[in-house]
Peer 1: 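A single structure is presented below for examination.
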Protein chains: 2
Amino acid sequence: MLEHSVQTPPIAQQSPLAVGDARASAAGSVAAGSSLAVSTVIFALRPDDESGLKTLWLPLVRRTRDPHRDLWALPGGWLPADEELAAAAARTLRETTELSPRYLEQLYTFGDIDRSPGLRVVSVVYWALVRSEVAERASVGENVRWFAADQLPPLAFDHNRIVEYALWRLRTKVEYARIAHAFLGDTFTLAQLREVHEAVLQKALDPANFRRSMESSGTLISTDQHVAGARHRPARLYRYDGRASEHDPPGPTL
Amino acid sequence: MLEHSVQTPPIAQQSPLAVGDARASAAGSVAAGSSLAVSTVIFALRPDDESGLKTLWLPLVRRTRDPHRDLWALPGGWLPADEELAAAAARTLRETTELSPRYLEQLYTFGDIDRSPGLRVVSVVYWALVRSEVAERASVGENVRWFAADQLPPLAFDHNRIVEYALWRLRTKVEYARIAHAFLGDTFTLAQLREVHEAVLQKALDPANFRRSMESSGTLISTDQHVAGARHRPARLYRYDGRASEHDPPGPTL
DNA sequence: CCATCATATAGTCAAACTGACTCAAACACC
DNA sequence: GGTGTTTGAGTCAGTTTGACTATATGATGG
């Protein structure tokens, strides 16, 4: 287990801003003068209209004021002084989708001077995963809409870049971390779990090899339940082993 | 190259604040009211006084005002409205150590409500690597001192936690990313590079296997120079292949 | 000049891991 | 009861990895 191997993580860059439905907007001046916002990239799996295969989708909100009025943007808002960062991310998620995140993690802090016209805004961006079935019936309104993650229109600020980075992170992380189950219910079949991996990685995986690697990962608990109904051998239901990963560092997840 | 394998990256948590020698300190109120600071965890390799082996060291600054007056803290300060985040990190690094970073990357943004008494402060924290030889003659004054990374005193705010997280990140990243050379000069022997890895990972590595893995990584360019003088076979000098990693996502490094 | 020392560098070997693939099991459906 | 489809077990070869052996080469000291 030495040095170099496969992938090299990212080193993103500052950039956008995030104000879905920001509230107060007076350009207050801090110690040295910057505004702090929190935004969230929310991923869910949905069947593509055409292929029927599941793909990644995310909700965006329409901006109702300048700058970038009428453009779509990531859900977010100014950080209240009395709210934790992750809590603010979870709240904006809930406000736009009426969902609770199954997984929520800080992505990156974007702070380029020029990413927002006029006011300097620093955005702490989180990324979240929500369950597919729940996302199906998630609220959609005039100013909230779900988009296929790889077919986004030009977004406000540099939110396109943020989503790109979040996608990169999701795709690289799903290969070594146990996060795929965040798209599923408490119990699931290996086929369902594999479907998640295939949707995220955008490539087919060998069922037998996938099974082998998941079983050897030690993160699955097999139940004695099976799903019947399909015209083939019933699949066993599994549950995720919630015990903390031995490799995590400092903090918890949420 | 499927799913689960070795390590699971972190999910740090909010926490500290960072004001080495902060400047203005009026508790200005932003859009919703938080102060934004930038801090940097600066790593260098230094020979341990006793063992002579190289270990990780980092510079801290003594706080000259409340809160936590006289405690040691990470270099940092308030974010000027007209300065990029990474630039602010590099500047505080330069101001405290008179060095330029060979490697600089955003670590995490800490923003727990209670991590600073009184004022809510959100700190964007960077981590940096500097060359060992240069760090040797780095400035040290009454209010700046280098500490062994694994023997820190209680620091201001939750800077202890930040350093722990930065250490975790350095140790996991050195195994898959090409960052070890940031501790070295432009050319180096494989023994020197291995020494860096050993110091960071705190374990001995097999010279032959290390060589094999580095050579197969494709990131080393062998020069035709050798270092003579030692009482053994001369070691070849190598240079790092600066071409961008094919696996990086969105942004550059700095 | 030669023996010795210490590390550089090359090569070997077996266990572990991976991707591709085969095959029996088991249920729905006709 | 036969057919179709996916589950779940197992095989096999190629690759990777850790442990280890062996040779190369210059400095040093007699």
Side-chain angles (χ1 to χ4, degrees), chain A residues 1-8 52-54 172 174-176 180 184 187-199 201-239 247, chain B residues 1-8 52-54 172 174-176 180 184 187-199 201-239 247:
Chain A
M1 202 122 315
L2 282 203
E3 32 286 316
H4 294 232
S5 55
V6 201
Q7 27 137 210
T8 297
L53 296 176
K54 296 209 171 172
T172 57
V174 81
E175 297 204 69
Y176 62 77
L184 300 171
T187 60
F188 46 84
T189 67
L190 281 176
Q192 292 175 318
L193 189 60
R194 179 164 50 83
E195 187 184 25
V196 171
H197 282 248
E198 290 180 335
L201 299 177
Q202 296 178 298
K203 67 177 175 185
L205 301 176
D206 181 273
N209 292 339
F210 181 81
R211 164 181 302 274
R212 181 177 59 190
S213 92
M214 289 310 292
E215 282 174 342
S216 71
S217 77
T219 60
L220 288 186
I221 301 174
S222 89
T223 72
D224 48 4
Q225 301 173 56
H226 297 259
V227 272
R231 49 180 309 196
H232 58 71
R233 180 173 174 176
R236 180 184 290 274
L237 282 174
Y238 289 84
R239 181 185 308 282
H247 300 287
Chain B
M1 201 123 313
L2 281 203
E3 33 287 313
H4 294 233
S5 55
V6 202
Q7 27 136 210
T8 296
L53 296 176
K54 295 209 171 174
T172 57
V174 81
E175 297 204 69
Y176 61 77
L184 300 171
T187 60
F188 45 84
T189 67
L190 281 175
Q192 292 175 318
L193 189 60
R194 177 165 51 83
E195 187 184 27
V196 171
H197 282 247
E198 290 179 335
L201 299 177
Q202 294 179 299
K203 67 177 176 185
L205 301 176
D206 180 273
N209 291 340
F210 181 82
R211 163 181 303 274
R212 181 177 58 190
S213 91
M214 290 309 293
E215 282 175 342
S216 71
S217 77
T219 60
L220 289 186
I221 300 174
S222 90
T223 72
D224 49 4
Q225 302 172 57
H226 296 258
V227 270
R231 50 180 309 199
H232 58 70
R233 181 172 172 176
R236 179 183 292 272
L237 282 174
Y238 290 83
R239 181 185 308 282
H247 300 287

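Atoms considered below: every heavy atom in the structure, side chains included; atoms not considered: hydrogens, waters and symmetry mates. Chain identifiers are assigned alphabetically (A, B, ...) following the order of the sequence lines, protein sequences preceding nucleic acid strands; residue numbering begins at 1 within each chain.
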Peer 1: Just so I know, are the side chains of A/Arg239 and A/Leu237 near enough to count as touching, which here means a heavy-atom distance under 4.5 Å?
Peer 2: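 No, too far: nothing below the 4.5 Å cut-off.
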Peer 1: Atom CZ of B/Arg236 to atom C1' of C/dT9: distance rounded to whole Å?
Peer 2: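 In whole Å, C/dT9 C1' and B/Arg236 CZ are 10 Å from each other.
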Peer 1: Rounded to whole Å, how long is the line connecting atom CZ of B/Arg194 with atom C1' of C/dT7?
Peer 2: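 Interatomic distance, CZ of B/Arg194 to C1' of C/dT7: 9 Å.
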Peer 1: Which pair of heavy atoms, one from B/Ala199 and one from B/Lys54, lies closest together, and at what distance?
Peer 2: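 So the two residues come closest at CB-O, 3.3 Å.
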Peer 1: Please state how far atom NE2 in B/His226 lies from atom P in D/dG26, giving the value in whole angstrom units.
Peer 2: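 Atom NE2 in B/His226 sits about 9 Å away from atom P in D/dG26.
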Peer 1: Could you please name the option among C/dA10, D/dA27, C/dA26 that lies closest to any side-chain atom of B/Arg211?
Peer 2: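 For B/Arg211, the side-chain atoms sit closest to C/dA10.
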Peer 1: Please work out if A/Ala208 contacts a base, only the sugar-phosphate, or nothing of the nucleic acid, heavy-atom cut-off 4.0 Å.
Peer 2: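 Here A/Ala208 touches the bases of the nucleic acid.
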Peer 1: Looking at the side chain of B/Arg212, which of D/dG26, D/dC12, C/dT12 is the nearest nucleotide?
Peer 2: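 Taking heavy atoms from C-beta onward, the closest nucleotide is C/dT12.
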Peer 1: Determine whether B/Tyr238 and B/Thr219 make a side-chain contact, defined as any pair of heavy atoms from C-beta on separated by less than 4.5 Å.
Peer 2: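 Not in contact.
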Peer 1: Rounding to a whole Å, what distance do you find between A/Asp206:CG and D/dC12:C1'?
Peer 2: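 Roughly 14 Å, once rounded to whole Å.
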Peer 1: What pair of heavy atoms forms the shortest contact from A/Leu220 to A/Met214, and how long is it?
Peer 2: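 That closest heavy-atom pairing would be CD1-CB, 3.8 Å.
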Peer 1: Could you say whether B/Tyr238 or B/His232 is positioned toward the 5' end of DNA chain C, judged by the nucleotide with the nearest heavy atom to each?
Peer 2: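 Counting from the 5' end, the first nearest nucleotide belongs to B/His232.
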Peer 1: Assign each of A/Ala191 and B/Ala230 to its nearest nucleotide of DNA chain D by heavy atoms, then name whichever residue's nucleotide is nearer the 5' end.
Peer 2: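 The answer here is A/Ala191.
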Peer 1: Would you mind reading off the distance between B/Lys203 atom NZ and D/dT17 atom C1', rounded to a whole angstrom?
Peer 2: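 Checked: the NZ to C1' distance equals 12 Å.
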Peer 1: Tell me the interatomic distance from A/Arg233, atom CZ, to C/dC29, atom P, rounded to whole angstroms.
Peer 2: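 To the nearest whole Å, that distance equals 18 Å.
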Peer 1: How close or far is atom P of C/dT7 from atom CD of B/Glu195, stated in whole angstroms?
Peer 2: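 Atom-to-atom, B/Glu195 to C/dT7, this comes out as 12 Å.
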Peer 1: For B/Asn209 and C/dA15, what is the distance between atoms CG and C1' respectively, to the nearest whole Å?
Peer 2: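 Going from CG in B/Asn209 over to C1' in C/dA15 covers 14 Å.
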Peer 1: With the side chain of B/Arg231 defined as its heavy atoms from C-beta on, choose the nearest nucleotide among D/dG8, D/dA19, D/dT28.
Peer 2: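 When the side chain of B/Arg231 is considered, D/dT28 is the closest of D/dG8, D/dA19, D/dT28.
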Peer 1: Can you confirm whether B/His197 sits close enough to B/Leu193 that some side-chain heavy atom of one is under 4.5 Å from a side-chain heavy atom of the other?
Peer 2: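 Yes, side chains in contact.
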